[in-house]
Amino acid sequence: MHLLLLISGCLLGWTGVWGQHEHHVPKEEKKVILGDKVVLPCNVFKPDELATVHWLYVIPEDKVEKVQNILTAGPKGIVKENSELRNRINLKNNSKLEIISLQVQDNKQFICRVEFQNGVTKESRIQLNVYKSPSEPELKMEQNGIQVTNEAVKIGTCESKNGFPVPVIKWYKSDRPLRDGKDGVKIHTQVATGSAGLITVTSTLLTPVQQSDSSALFYCDVSYSLPMGDHMLESERKNITVHYPTTSIKVYFKSPSEIIKEGDNVSLICEGNGNPQPSYSLEKKGNDNDTTLTEDMPYSWKVSREDSGVYVCKSFDVDTLLDFEEETTLHVYFLDPPVLSPESPVNVDLQSKMTVSCQATASNETVVHWKQDGNIIANGPVLNLDFVDYSAAGLYTCVVDLPNVIGMTTSKDISIAVQGSPQASVTSHVMEVQDGDTVTTNCTVFGYPQPQVTWYINDTEVTSQAVLHYIKDNELKSELTLIVYKNVFNQSLKCVALNRFNISTAYIQLLEKSMTTPFSVTSSEFVSTWTDQGDWSTAEPIGTRAPEPEPIGTRAPEPESRIEKSYGIVIVIVIICILILAILGAVLYFLYKKGHIPCGRSGKKDITNPGAKDKIIVEMKPDSPAEESVLLTGSQEKKPSDQEKYIDLRN
């Protein structure tokens with residue numbers, strides 16, 4: 001009897017525990033994304049047990065807990081109850097509930113209740129939470145201007161759609177959080193649920209407005225939860241239009257650079273420190289009357305030098321009934337192309353003076369310099385060329401700059417041609433050649449108008465074998481290649497240059513290489529000796545004195561005759577030297593015979609005895625008949641043989 005009472009008490013206690021469990025907070029929770037599927041386990045059932053399994057969910061929003069049976073599985077099979085989950089649920093492993101295509105309505109508490117054959121009932125509960133991320137928050141600010149005020153006025157709204165569960169919206173001004181009830185801020189929030197159970201949250205911001213808020217940026221963010229954690233999305237940042245009165249104005253020019261040049265596109269802007277801007281009028285001050293430009297802002301145009309001057313901006317604020325006036329000065333920089341005097345091209349006489357002036361109209365004082373071949377050769381507006389020679393010919397450039405104004409540079413060229421008598425010159429005035437040699441020589445000619453260059457050997461023209469190279473307008477080079485034969489040895493090769501002013505000739509003497517020259521001639525002596533007296537270009541440095549005009553058609557002197565006269569003088573001098581040597585030998589021999597000149601070794605020797613050991617016989621082999629005739633005069637009594645001649649010094 002006591003045993004039965006004890007068992008009954010235990011059963012009542014067991015039943016009481018399970019009865020109380022139903023009202024406890026569930027111990028398990030499942031978090032899923034809207035549209036996914038989920039499998040809910042039954043934690044009080046084992047697959048090998050014989051029992052009946054019931055799946056139910058708790059009906060929300062009831063003060064007294066009510067449940068809805070959705071599925072029953074037991075010995076008689078599986079029965080799905082008539083509910084909104086009927087078509088989206090399945091049973092797995094005789095106890096697990098599978099729900100597919102999860103919806104917001106599935107956000108419930110599910111119960112697995114098991115009835116065993118011994119009459120014992122057990123259950124487990126699982127809270128299923130469904131999540132859906134909301135859309136990015138959409139920020140809408142007031143389109144009309146807002147007057148400065150200390151009262152809270154509507155600034156804008158922030159809306160986030162289709163989220164679950166309810167997201168949270170927060171407001172910010174220039175990265176500073178705005179809280180409801182602080183600093184006069186008011187935030188109103190509205191929550192709306194759609195047909196699918198998704199939630200849209202709309203938040204409205206009201207706040208006092210100050211003038212500084214015209215530069216402030218407002219934005220909002222929305223915070224929400226997902227199974228993997230908390231998240232946040234920010235809206236774009238926007239400002240509001242704040243209206244406040246104008247207290248001052250300013251006028252200025254806007255251009256691509258600080259320095260305004262003629263042809264630049266500039267804008268004349270007049271603006272006040274209030275909002276909205278008052279109406280303006282623009283005027284340019286003149287000598288007599290002011291010129292009204294326009295009331296449109298900004299006023300833009302392509303400026304010219306005539307636009308330089310003082311500009312005035314006038315304004316009247318109808319709200320405050322205040323007048324404003326400000327002015328600014330426009331300085332337009334300009335630089336005209338230079339004007340040269342004389343104009344290009346210019347012909348200048350050789351050895352004369354030349355002056356070129358360069359003037360340019362500009363807004364400021366200019367800096368002028370002259371260039372030739374890219375190098376600066378002079379500074380200032382005047383270029384002076386004194387006693388010009390042919391090297392002065394060419395292209396000169398006058399460059400005009402505006403100091404401290406980048407890009408303000410202009411220039412103009414002038415071509416100067418130096419005209420005058422030709423000047424012919426050769427590299428070498430003497431060429432040593434052999435019979436059959438092919439030689440090449442050059443003749444450089446300066447002159448303008450361009451001279452005609454002709455080559456001669458004596459009076460025979462050989463120009464057909466020459467090639468003309470043009471170097472500059474007033475300089476050319478003639479290159480002659482020819483074969484030398486014996487008949488031109490010791491003759492002159494002439495380069496003749498001719499234009500309408502004069503003629504110039506340069507000479508090259510052709511000498512045979514084997515010829516031994518008994519005396520040397522310096523290049524300056526040769527030039528002065530063998531250059532035509534009318535050819536001042538080779539006899540003297542170019543430009544030292546004016547050339548002596550050579551009549552066109554006169555023959556050049558024959559330097560060959562001068563060479564022959566010089567050789568005759570040399571031969572006479574050699575003969576005289578030989579005679580002097582012969583006379584000197586005769587005098588020495590006479591002195592020897594008189595005993596005035598001792599001969600032999602030091603000390604006295606007896607040379608009268610023919611048998612003496614010191615007998616001396618001198619063998620003489622004269623080199624020439626001339627020496628024999630001079631040195632042996634007066635002792636013809638003995639003649640040696642034709643092979644050898646001896647002199648007995650004993651007598």
Just verifying a value: how many Å separate [X] [atom1] and [Y] [atom2], rounded to the nearest 0.5 Å?
{"X": "Gln103", "Y": "Leu34", "atom1": "CD", "atom2": "CG", "value": "7.5 Å"}
{"X": "Tyr172", "Y": "Cys220", "atom1": "OH", "atom2": "SG", "value": "9.5 Å"}
{"X": "Ser415", "Y": "Asp413", "atom1": "OG", "atom2": "CG", "value": "9.0 Å"}
{"X": "Leu102", "Y": "Asn107", "atom1": "CG", "atom2": "CG", "value": "10.0 Å"}
{"X": "Ser300", "Y": "Lys254", "atom1": "OG", "atom2": "NZ", "value": "9.0 Å"}
{"X": "Leu85", "Y": "Leu97", "atom1": "CG", "atom2": "CG", "value": "8.0 Å"}

Passes salt bridge (charged side-chain N to carboxylate O under 4.0 Å, His left out), Arg305 versus Asp336? Steps please. CA-CA 11 Å; Arg305 65 191 66 184; Asp336 290 339; 2.6 Å; yes

Closer than 3.5 angstrom, by distance alone: can the side chain of [X] be matched with the main-chain N or O of [Y] as a donor-acceptor pair?
{"X": "Ser257", "Y": "Ile259", "value": "yes"}
{"X": "Glu271", "Y": "Ile269", "value": "no"}
{"X": "Ser203", "Y": "Thr189", "value": "no"}
{"X": "Ser363", "Y": "Phe334", "value": "yes"}
{"X": "Lys161", "Y": "Leu198", "value": "no"}
{"X": "Gln210", "Y": "Val148", "value": "no"}

Ignoring hydrogens, what is the shortest heavy-atom contact between [X] and [Y]? Give both atom names and the distance.
{"X": "Pro137", "Y": "Asp221", "value": "CG-CA, 4.4 Å"}
{"X": "Lys173", "Y": "Ala216", "value": "CG-CB, 3.9 Å"}
{"X": "Thr121", "Y": "Arg113", "value": "CG2-CG, 3.6 Å"}
{"X": "Trp55", "Y": "Pro41", "value": "CH2-O, 3.5 Å"}
{"X": "Thr52", "Y": "Pro75", "value": "OG1-CD, 3.8 Å"}
{"X": "Pro278", "Y": "Ser315", "value": "CG-OG, 3.2 Å"}

Around atom [atom1] of [X], are there more than 12 heavy atoms from other residues, nucleotides or ligands closer than 6.0 Å?
{"X": "Lys238", "atom1": "NZ", "answer": "yes"}
{"X": "Asn150", "atom1": "CG", "answer": "no"}
{"X": "Glu343", "atom1": "CD", "answer": "yes"}
{"X": "Glu325", "atom1": "CD", "answer": "yes"}
{"X": "Asp323", "atom1": "CG", "answer": "yes"}
{"X": "Lys170", "atom1": "NZ", "answer": "no"}

Assess the side chains of [X] and [Y]: does a donor N or O sit below 3.5 Å from an acceptor N or O?
{"X": "Trp171", "Y": "Asp180", "answer": "no"}
{"X": "Asp230", "Y": "Ser225", "answer": "yes"}
{"X": "His54", "Y": "Thr72", "answer": "yes"}
{"X": "Ser304", "Y": "Glu306", "answer": "yes"}

Taking the side chain as everything from C-beta on, heavy atoms only, tell me whether [X] gets closer than 4.5 Å to [Y].
{"X": "Val405", "Y": "Lys261", "value": "yes"}
{"X": "Ile78", "Y": "Leu71", "value": "yes"}
{"X": "Thr409", "Y": "Val400", "value": "no"}
{"X": "Pro403", "Y": "Asn364", "value": "no"}
{"X": "Tyr57", "Y": "Leu128", "value": "no"}
{"X": "Asn129", "Y": "Val32", "value": "no"}
{"X": "Thr328", "Y": "Leu268", "value": "yes"}
{"X": "Thr246", "Y": "Asn273", "value": "yes"}

Looking at [Y] and [X], is any side-chain nitrogen of the basic one under 4.0 Å from a carboxylate oxygen of the acidic one?
{"X": "Arg86", "Y": "Glu84", "value": "no"}
{"X": "Lys285", "Y": "Glu327", "value": "yes"}
{"X": "Lys250", "Y": "Glu326", "value": "no"}
{"X": "Lys31", "Y": "Asp36", "value": "no"}
{"X": "Asp175", "Y": "Arg237", "value": "yes"}

Relative to each other, are the rings of His231 and Tyr224 parallel, tilted or perpendicular (30° and 60° limits)? parallel

Can you tell which of [options] makes a side chain to side chain contact (heavy atoms under 4.5 Å, CB included) with [X]?
{"X": "Val38", "options": "Ile33, Ile99, Ile100", "value": "Ile99"}
{"X": "Val58", "options": "Gln68, Arg125, Lys66", "value": "Arg125"}
{"X": "Trp370", "options": "Asn379, Ile377, Val399", "value": "Ile377"}

Looking only at the aromatic ring of each residue, does the gap between the centers of Phe253 and Tyr311 stay below 6.0 angstrom? yes

Before you tell me yes or no, could you show the steps for Ile70 and Leu56 under side chain to side chain contact (heavy atoms under 4.5 Å, CB included), namely the whole-Å CA-CA distance, both residues' side-chain angles and the distance that decides it to 0.1 Å? CA-CA 5 Å; Ile70 58 177; Leu56 312 93; 5.7 Å; no

Going by salt bridge (Lys or Arg N to Asp or Glu O under 4.0 Å), Asp106 matches just one of Lys30, Lys37, Arg88. Which one?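 Checked Lys30, Lys37, Arg88 against Asp106; only one passes salt bridge (Lys or Arg N to Asp or Glu O under 4.0 Å): Arg88.
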
Tell me, with the steps shown, if Glu159 and Thr202 meet side-chain hydrogen bond (donor to acceptor under 3.5 Å, both in side chains). CA-CA 4 Å; Glu159 186 177 65; Thr202 303; 3.1 Å; yes

Before giving the answer on side chain to side chain contact (heavy atoms under 4.5 Å, CB included), spell out for Thr204 and Ile187 the whole-Å C-alpha distance, their side-chain angles and the decisive distance to 0.1 Å. CA-CA 6 Å; Thr204 302; Ile187 299 175; over 6 Å; no

Considering residues at least two apart in sequence or located in another chain, which fulfil the ring pair (Phe, Tyr, Trp, His ring centres under 6.0 Å) criterion with Tyr244?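 In terms of ring pair (Phe, Tyr, Trp, His ring centres under 6.0 Å), with neighbours along the sequence ignored, Tyr244 is linked to no residue.
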
Decide side chain to side chain contact (heavy atoms under 4.5 Å, CB included) for Ile249 and Cys313; before the verdict, give the C-alpha distance in whole Å, the side-chain angles of both, and the deciding distance to 0.1 Å. CA-CA 9 Å; Ile249 64 172; Cys313 174; 4.2 Å; yes

Walk me through whether Glu234 and Tyr219 qualify under side chain to side chain contact (heavy atoms under 4.5 Å, CB included). CA-CA 7 Å; Glu234 282 189 359; Tyr219 69 98; 3.9 Å; yes

